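Whatever order the structure lists ligands and atoms in, that order sets their numbers, starting from 1. Numbering starts at 1 and runs along the sequence shown. Every value quoted in this text rests on a predicted model; they were computed, and no experiment measured them.
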Amino acid sequence: MRDALELADTRLISQLRALPEILHDLDFTAERIARTLDAPDVSEVLGNSARYALQTEDVADELVNSAAGVMIQLFVRNGFVAEEHYHQQMPAVLSDLAADIGLVSRQRGQVRARLSITPLFGKYFFSDRLFTVEPSGSLTFSTRDDIVMPPHSSSLHLLESLAVDDSFNALVDVGCGCGVLGLALASGYASTMLVDVSPRAVRFAQANAVMNDIAATAKAADVTRDRLLDVPAHVVFNAPTTIPYDSAVGEPGMMTAETALTSAVGQLSQGPGRGGRAQVFVVVEVPHEFASAEELIRNWLCSFEFSRLEVRALPHSPFRVSSEMIALGSVDPHCLLLRRSSDARALAHYLDSRGTREVVPLVASVWG
Ligand SMILES: C[S@@+](CC[C@H](N)C(=O)[O-])C[C@H]1O[C@@H](n2cnc3c(N)ncnc32)[C@H](O)[C@@H]1O
């Protein structure tokens with residue numbers, strides 16, 4: 001079977017480019033996903049995809065009685081569809097294309113997706129599946145350590161703080177994952193580069209650029225070690241920060257907020273990228289001895305040359321932990337720093353034992 005991300009074949013490129021229009025015509029859109037899964041908006045679904053997959057058994061009929069429903073079942077809920085329903089609902093142009101580029105697999109009369117597809121801002125993004133829904137209704141989470149995440153609510157929160165900066169011709173999306181940030185902003189720049197340390201993410205980002213007909217280049221590089229800029233650029237980075245309150249949370253690919261910020265700012269405080277601008281989403285643990293997250297960040301950046309720093313805290317972000325929660329000994333069970341909602345006390349205890357006053361999700365903007 002072909003790999004959907006194998007871009008060497010020029011015929012495959014034209015097939016990938018045909019996909020968005022077909023999907024849009026079927027009404028496989030962000031709005032339709034929210035409506036079908038009874039969510040206030042698609043950001044809610046992206047932030048809580050496993051919960052929406054588990055709690056939407058009651059819309060089972062809708063997931064087989066229309067083409068958009070089948071797409072949601074396969075590529076958003078990561079469930080399966082009986083071959084019979086699949087062929088009833090899928091227009092031949094889509095089922096042929098899906099077979100050709102390897103989007104689905106078939107087993108014992110059932111069709112499953114091989115990856116996720118997320119519609120956002122009129123574009124489509126391939127990524128890995130975080131989990132699959134089993135015939136029993138339970139979820140099996142992916143164990144691959146190079147998993148390329150679907151766009152997340154953190155991607156959308158960062159995007160809300162980002163706008164095209166017309167002082168720069170070049171955009172660099174660091175830690176691009178499936179490329180959602182860079183591809184959402186690319187039309188405002190003469191050039192867009194999508195960078196990730198994971199070669200698998202680079203392949204997804206490149207495939208998504210091709211599928212959405214966006215001229216962006218993707219390359220594998222490590223923001224902590226490699227020089228990424230050859231001109232001053234607008235750098236955006238949804239950094240993989242977390243709070244390692246138990247050993248399983250410190251997954252591969254995670255970094256501290258300090259490493260994320262100093263690495264991004266290092267790109268524009270010297271060398272050919274000097275004078276660029278970085279906007280970085282990080283989750284910052286603020287110790288008692290610092291008056292604010294901004295004071296802590298200024299301390300981290302004290303040995304870098306930069307002209308301006310703006311810190312925009314995101315008080316409504318589901319990554320936030322307030323000082324009251326830490327003092328009360330339990331965080332909001334929906335906090336996205338938790339692996340399981342039953343860890344709410346463990347996280348508060350961990351933060352208290354480290355002398356953390358609060359956890360502040362924020363976007364730091366730094367001009368080099
Ligand atoms: C939170 S995800 C963000 C993905 C995507 N930008 C988004 O907003 O949905 C963080 C990404 O950073 C990448 N990453 C981790 N360490 C990195 C490093 N040292 N250099 C570049 N990318 C890195 C990970 O592979 C992952 O794709």
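From Q206, atom CD reaches atom CG of L194 across 7.5 Å, with rounding to the nearest 0.5 Å.
Note on ring orientation: taking the six-membered ring where Trp is involved, the planes of Y124 and F28 are parallel (angle under 30°, cut-offs 30° and 60°).
Closest protein heavy atom to atom 27 (O) of ligand 1: D196 OD2, 2.7 Å. Summary of contacts: the protein heavy atom closest to atom 5 (C) of ligand 1 is C176 O, 3.3 Å. Ranking protein heavy atoms by distance to atom 17 (C) of ligand 1, first place goes to V197 CG1, 3.5 Å. Nearest protein heavy-atom neighbour of atom 15 (C) of ligand 1: G253 O, 3.4 Å. The shortest contact between atom 10 (C) of ligand 1 and any protein heavy atom is with N238 O, 3.4 Å.
Proximity of A201 to ligand 1 is not established, as no heavy-atom distance is less than 4.0 Å.
Residues A348 and M325 approach most closely at CB-O, 4.2 Å, considering heavy atoms. Scanning all heavy atoms of the two residues, the minimum distance from F75 to L103 falls at CE2-O, 3.8 Å.
By the criterion of a heavy-atom distance under 4.0 Å, the side chain of M255, and not its backbone, is placed next to ligand 1. With a 4.0 Å cut-off on non-hydrogen atoms, V180 touches ligand 1 through its side chain and not its backbone. Of all the heavy atoms of S263, none lies under 4.0 Å from any atom of ligand 1, so neither backbone nor side chain is involved. Contact annotation: for L181 versus ligand 1, heavy atoms closer than 4.0 Å belong to the side chain alone.
Between the side chains of S136 and E134, no donor N or O sits under 3.5 Å from an acceptor N or O.
Taking the six-membered ring where the residue is Trp, the centroids of Y86 and F80 are separated by 6.0 Å or more.
Around atom 12 (O) of ligand 1, the closest heavy atom drawn from A264, G175, S154, A184 belongs to G175.
Put simply, the residue from I72, N78, L74 that forms a side-chain contact (heavy atoms from CB on, under 4.5 Å) with V76 is I72.
Taking distance alone, with nitrogen or oxygen atoms compared against 3.5 Å, D222 approaches ligand 1 more closely than that limit. Looking at V223 next to ligand 1, an N or O pair under 3.5 Å apart turns up.
Every atom of ligand 1 is numbered from 1 in the order shown, and the set under 4.0 Å from a heavy atom of G177 is 4 (C), 27 (O). Numbered from 1 in the order shown, with element, the atoms of ligand 1 that lie under 4.0 Å from a heavy atom of A221 read 20 (N), 21 (C). Short contacts between ligand 1 and S155, defined as distances under 4.0 Å to a heavy atom of the residue, involve ligand atoms 7 (C), 8 (O), 9 (O).
Under a hydrophobic clustering in which Ile, Leu, Val, Met, Phe, Trp and Tyr are joined whenever their side-chain heavy atoms come within less than 4.5 Å, directly or via other members, L159 and V282 fall into different clusters. Linking Ile, Leu, Val, Met, Phe, Trp and Tyr residues whenever their side-chain heavy atoms come within less than 4.5 Å places L268 and V223 in a single cluster.
Between E310 and R308 there is a salt bridge, since a side-chain N of the basic residue sits under 4.0 Å from a carboxylate O of the acidic one.
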